[in-house]
Amino acid sequence: MDFRYTPAQQDLKQRAADYVKLLMQYEDQAEQARGALPKETVRELTRAAMDAGVYAINMPVQWGGPGLSLLEQVIVEEEFGKATNCLWDIPWRPSNVLAYGTAEQREKYLLPIIRGEKFDAFAVTEPEAGSDPSSGVTVATRTEGGWLLNGEKWFVTCGDIADFLLVQADALVEAADGSGPVKLATLFFVDKSAPGLEMTRVPHFMHHAVNGHPEFTLTDVFVADEDVLGEVGQGYELTKEWFTDERLMIAARTVGAAERALTEARDWAAERQAFGRPIGEFQLIQGMLADCAVDIAVNRAYTHQVAWEADQPDTDRKTLHAKASTAKLAASEAAGRVADRCVQIFGGRGYDSAYAVERIFRELRVDRIWEGTSEIQRVIIANELIKRGTRSLALPRPAATNSTNSTKEN
């Protein structure tokens, strides 16, 4: 095994790091404004991301993206995670499942995103359907030429700036045996200007993010047949694929955030004097620094491993889903521990939002909730263990796999 970055990957990492240094110049401004930055500033930072080749990193070259592998995306997102106030949202990452759209949908929705002209948002969560998306009550009923959507969506990340939403709703379709309507989870393109779609509230959360997480209601929102993504009934499958990628990116960003916090804490420990010497000379501080380094190192290695496996064409997608959950669970919880220690090392200053460790501590908390809580990740992991045994998660993928004949331990 060769774990070294290639020259191209090293260059990519450096370009991402240089771009993040630019983002960091706007952290204090974003914090003071509860995340908001002037639109002109966002446009400038967007153009800089494009120039650096770190915009729409999950899209292929033939559509105008950089064409990065998942491992390379993890390398970039790890650097992005070092910027506070969710400024990593500015170098936009379109929803990966947009790639499954028709040629017409690609022209209408995806390509303008890659050019920085539009933004998308994924709308899955509902007031009574968070960890269990199958309990959602947003429905799509048949009408002439399309569908009428009714329901409510919460925590629609970046929905405040999005031009359209990808809404997961249950399409009511008559059963083949004539027994009545059945619910088939489906993804629909919904333009933000569509009659009946209303952004009802933009909550204020713990973190002061550059973009919001608003709530929407849908009242008889018409969606034409040509604005169904994939097939009717394919919604859960597509959403699951979206979750796999997003969880890997969360793992990468939380590793990056933890590394930034440790760097800040290490430098502080080397400079801060107490009892006539730097606090970094005290063993209790050294122990916290060491524990932080361990949490970062092991989670970076595993996240990189899973991303590499995801890039292999014969990887079992079900096992990959569980491994992405493992990476997200482990890295997000470890990053929380790292941030907590680093705040402690800073003492009273660690509680001051003028210091990056305070913002990191506050912002990392949501990573154990969104895109699936830590508890849901544990359920996914346990189900994988029960169905396929410990080898599927504990070991790297073999040289060749057979997804239809998984090994199960006794």
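The figures that follow rest on heavy atoms only: side chains count, while hydrogens, waters and symmetry mates do not.
Ring geometry, Phe188 versus Trp147: the interplanar angle exceeds 60°, so the pair is classed perpendicular (tilted spans 30 to 60°). The aromatic rings of Trp242 and Phe122 lie parallel to each other, with less than 30° between the two planes, well short of the 60° mark. Between Trp92 and Phe119, the ring-plane angle classifies as perpendicular under the 30° and 60° cut-offs.
Judged by distance alone, the side chains of Asn150 and Asp220 do bring a donor and an acceptor atom under 3.5 Å apart. For the 3.5 Å distance criterion, the side chains of Thr186 and Gln234 fail to qualify, holding no donor opposite an acceptor. There is no side-chain donor-acceptor pair under 3.5 Å between Glu198 and Thr219. Defined by atom type and a distance below 3.5 Å, a donor-acceptor pair is missing between the side-chain atoms of Asp367 and Thr254. With hydrogens and angles left out, the side-chain atoms of Asp245 and Asn96 include a donor and acceptor closer than 3.5 Å. If you check the side chains of Gln14 and Asp18, you find a donor sitting under 3.5 Å from an acceptor. Judged purely by distance below 3.5 Å, without hydrogens or angles, the side chains of Asp227 and Tyr109 pair a donor atom with an acceptor atom. Residues Ser353 and Glu358 bring no donor and acceptor atom of their side chains to less than 3.5 Å of each other. In this structure, a donor-acceptor pair under 3.5 Å is absent between the side chains of Thr217 and Glu152.
Rounded to the nearest 0.5 Å, atoms CD1 (Ile285) and CD1 (Ile279) are 4.5 Å apart. With values rounded to the nearest 0.5 angstrom, Ile113 atom CD1 is found 8.0 Å from Asp163 atom CG. Taking CG of Asp191 as the start and NZ of Lys108 as the end, the distance is 7.0 Å to the nearest 0.5 Å. Rounding to the nearest 0.5 Å gives a distance of 12.5 Å between CZ of Arg341 and CZ of Phe361. Within the model, atoms CG of Leu110 and CE of Met59 stand 5.0 Å from one another, a figure rounded to the nearest 0.5 Å. Interatomic distance, CD1 of Ile369 versus CZ of Phe205, reported as 9.5 Å (0.5 Å rounding).
In summary, Arg337 and Asp295 engage in a salt bridge, as defined by a charged side-chain N under 4.0 Å from a carboxylate O. A salt bridge is absent between Glu78 and Arg253; no separation between the charged side-chain nitrogens and carboxylate oxygens falls under 4.0 Å. Contact check on Asp2 versus Arg4 returns a salt bridge, with a Lys/Arg side-chain nitrogen under 4.0 Å from an Asp/Glu carboxylate oxygen. In this structure, Asp225 pairs ionically with Arg142, as a charged nitrogen and a carboxylate oxygen lie closer than 4.0 Å. The residues Glu31 and Arg362 are annotated as salt-bridged, a charged nitrogen and a carboxylate oxygen being separated by less than 4.0 angstrom. Between Lys13 and Glu72 there is no salt bridge, since no side-chain N of the basic residue sits under 4.0 Å from a carboxylate O of the acidic one. Taking a cutoff of 4.0 Å between a charged side-chain nitrogen and a carboxylate oxygen, Lys323 and Glu384 do not qualify as a salt bridge. Taking a cutoff of 4.0 Å between a charged side-chain nitrogen and a carboxylate oxygen, Arg43 and Glu40 qualify as a salt bridge.
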Practice prompt. Check the pair Glu246, Arg93 against salt bridge (charged side-chain N to carboxylate O under 4.0 Å, His left out), reporting the backbone distance first and the verdict last.
Written response: CA-CA 10 Å; Glu246 290 302 307; Arg93 177 187 175 83; 3.7 Å; yes
Worksheet entry | Working for side-chain hydrogen bond (donor to acceptor under 3.5 Å, both in side chains), residues Glu27 and Thr84 | CA-CA 6 Å; Glu27 289 178 332; Thr84 65; 3.1 Å; yes
Fill in: Candidate pair Leu289 and Leu262, rule side chain to side chain contact (heavy atoms under 4.5 Å, CB included), full reasoning
CA-CA 7 Å; Leu289 293 172; Leu262 176 57; 3.7 Å; yes
Item to complete: Please assess Tyr100 against Glu241 for the test side-chain hydrogen bond (donor to acceptor under 3.5 Å, both in side chains), listing each intermediate value before the final yes or no.
Response: CA-CA 11 Å; Tyr100 291 107; Glu241 184 163 341; 2.6 Å; yes
Item to complete: Evaluate the criterion salt bridge (charged side-chain N to carboxylate O under 4.0 Å, His left out) for residue pair Arg365 and Asp340; output intermediate values, then yes/no.
Response: CA-CA 10 Å; Arg365 186 61 184 87; Asp340 185 72; over 6 Å; no
Discussion item. Does Leu98 form a side chain to side chain contact (heavy atoms under 4.5 Å, CB included) with Phe189? I'd like the steps, not just the answer.
Written reply: CA-CA 10 Å; Leu98 291 173; Phe189 290 99; 3.5 Å; yes
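The minimum heavy-atom distance between Phe222 and Glu144, with the atom names listed, is CE1-O, 3.7 Å. The heavy-atom pair separating Glu333 from Ser374 by the smallest distance is OE2-OG, 2.8 Å. Across all non-hydrogen atoms, the minimal contact from Ala56 to Pro94 is CA-CD, 3.7 Å. Contact detail for Ile57 and Leu68: the closest heavy-atom pair is O-CB, 3.5 Å. Contact between Pro203 and Pro214 at its shortest, heavy atoms only, is CD-CA, 4.0 Å. Counting all heavy atoms, side chain and backbone alike, Ala334 lies closest to Asn299 at CB-ND2, 3.3 Å.
Looking at Gln73, its side chain never comes within 3.5 Å of a backbone N or O of Met249 through a donor-acceptor pair. Using modelled atom types, no side-chain atom of Thr319 and backbone atom of Asp316 make a donor-acceptor pair closer than 3.5 Å. Distance alone, capped at 3.5 Å, places no donor-acceptor pair between the Thr41 side chain and the Leu37 backbone. Between the side chain of Lys153 and the main chain of Val167, no donor-acceptor pair closer than 3.5 Å is present. Checking side-chain atoms of Gln168 against main-chain N and O of Tyr236 turns up no donor-acceptor pair under 3.5 Å. Within the 3.5 Å criterion, the main-chain N or O of His321 finds no donor-acceptor partner in the side chain of Lys240. The main-chain N or O of Leu87 is never found under 3.5 Å from a side-chain atom of Asn85 such that the two would form a donor-acceptor pair. The backbone N or O of Ala356 sits nowhere less than 3.5 Å from a side-chain atom of Glu264 that would complete a donor-acceptor pair. Side-chain atoms of Tyr19 come within 3.5 Å of backbone N or O of Leu45 as a donor-acceptor pair. In this structure, the side chain of Thr303 does not engage the main chain of Ala252 through any donor-acceptor pair within 3.5 Å.
Crowding of Lys192 atom NZ: a count of heavy atoms from other residues, nucleotides or ligands under 6.0 Å exceeding 12. Heavy atoms of other residues, nucleotides or ligands lying less than 6.0 angstrom from CD of Gln32 number 12 at most. Taking a 6.0 Å sphere around CD of Glu231, one finds it holds 12 or fewer heavy atoms contributed by other residues, nucleotides or ligands. No more than 12 heavy atoms of other residues, nucleotides or ligands sit less than 6.0 Å from atom CD of Glu128. At most 12 heavy atoms of other shown residues, nucleotides or ligands fall within 6.0 angstrom of atom OH in Tyr351.
Separation of the His213 and His207 ring centroids falls under the 6.0 Å cut-off.
Under the side chain to side chain contact (heavy atoms under 4.5 Å, CB included) test applied with Ser332, the options Arg368, Gln377, Arg247 reduce to a single match, Arg368.
A cation-pi geometry, defined here as NZ or CZ lying under 6.0 Å from the six-membered ring centre and within 45° of its normal, does not hold between Arg349 and Phe346.
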